[in-house]
Q: 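Please see the structure below; I have some questions.
If you're wondering where the values come from, they're calculated on a predicted model, not measured in any experiment. Positions are given from 1, in the same order as the sequence printed here.
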Amino acid sequence: MNKAMSKVNDLISEKGVYEDLSSYFQNRHSEEAQAILNGLNFREFVAVGINLRVIDEDIYKRAYCSLVLRDWKNLENTVKGMRTEYKKDTLFQDFEMLAKQWADYPIKDLHKKFGVRRLFRL
């Protein structure tokens with residue numbers, strides 16, 4: 001997963017932030033296409049697990065919220081391009097739903113809420 005997202009981030013750096021990377025799917029077996037799909041499939045898998053309450057959302061959100069939000073922002077236009085190209089509006093819908101929900105309800109500043117001593121159980 002880390003290797004796939006590292007490759008995706010390299011592609012984004014080359015093409016520009018928030019660019020549609022769906023053109024890489026002209027060769028579905030290319031390293032770039034596979035990296036994008038691996039990253040999207042992993043985020044979708046986790047989002048489905050959270051939405052079905054199989055994966056604990058609070059723990060995952062505290063650990064990975066910024067990465068999920070970053071990845072959705074970086075890949076949103078790619079997903080929309082794929083949906084248009086493949087005529088499937090449901091592609092990666094759980095990932096989208098989760099990212100939008102987390103963007104609307106960000107993590108609270110734990111230092112303000114609990115104080116440093118409580119947060120680290122000192």
Q: Considering only heavy atoms from C-beta outward, does the side chain of T90 approach that of Q93 to under 4.5 Å?
A: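 When only atoms from C-beta onward are counted, Q93 and T90 do touch, with a gap below 4.5 Å.
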Q: So W102 and Y60, do their side chains get closer than 4.5 Å, heavy atoms only?
A: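 A side-chain contact exists here, since the closest heavy-atom pair is under 4.5 Å.
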Q: Below 4.5 Å, heavy atoms only, C-beta onward: do Y105 and K61 meet side chain to side chain?
A: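 Yes, at least one pair of side-chain atoms sits under 4.5 Å.
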Q: Any heavy-atom pair between the side chains of L75 and T78 that's under 4.5 Å?
A: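 T78 vs L75: side chains touch.
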Q: So which atom in A33 and which in N27 form the shortest heavy-atom distance, rounded to 0.1 Å?
A: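 Scanning both residues completely, I find the closest heavy atoms to be CB-O, 3.6 Å.
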Q: Testing F95, Y64, F42 one by one against D71 for a side-chain contact (heavy atoms from CB on, under 4.5 Å), which residue passes?
A: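 With D71 as partner, side-chain contact (heavy atoms from CB on, under 4.5 Å) holds for just one option, F95.
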Q: Could you state whether V46 and M97 fall into the same hydrophobic cluster, counting links through intermediate Ile, Leu, Val, Met, Phe, Trp or Tyr residues with side-chain heavy atoms under 4.5 angstrom apart?
A: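 They do not share one cluster, since no chain of ILVMFWY contacts under 4.5 Å joins V46 to M97.
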Q: Any side-chain heavy atom of I36 within less than 4.5 Å of one from K7?
A: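 No; the side chains remain at least 4.5 Å from each other.
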Q: With hydrophobic residues grouped by side-chain heavy-atom distances under 4.5 Å, do I55 and V48 end up in a single group?
A: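 No.
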Q: With heavy-atom distances below 4.5 Å as the criterion, would you say the side chains of Q101 and E57 are in contact?
A: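 Contact flag for Q101/E57 side chains = yes.
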Q: Within the 4.5 Å heavy-atom criterion, are M82 and F25 side-chain neighbours or not?
A: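 Yes, their side chains come closer than 4.5 Å.
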Q: Given C65, which of L67, L69, V68 fulfils the side-chain contact (heavy atoms from CB on, under 4.5 Å) condition?
A: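 Going through L67, L69, V68 one by one, the side-chain contact (heavy atoms from CB on, under 4.5 Å) with C65 is satisfied by L69 alone.
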Q: Surrounding CZ of F45 (heavy atoms of other residues, nucleotides or ligands, distance under 6.0 Å), is the total greater than 12?
A: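 Result for CZ/F45: open.
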Q: Are R83 and D89 within salt-bridge range, i.e. N to O under 4.0 Å?
A: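 Salt bridge flag = no for D89 with R83.
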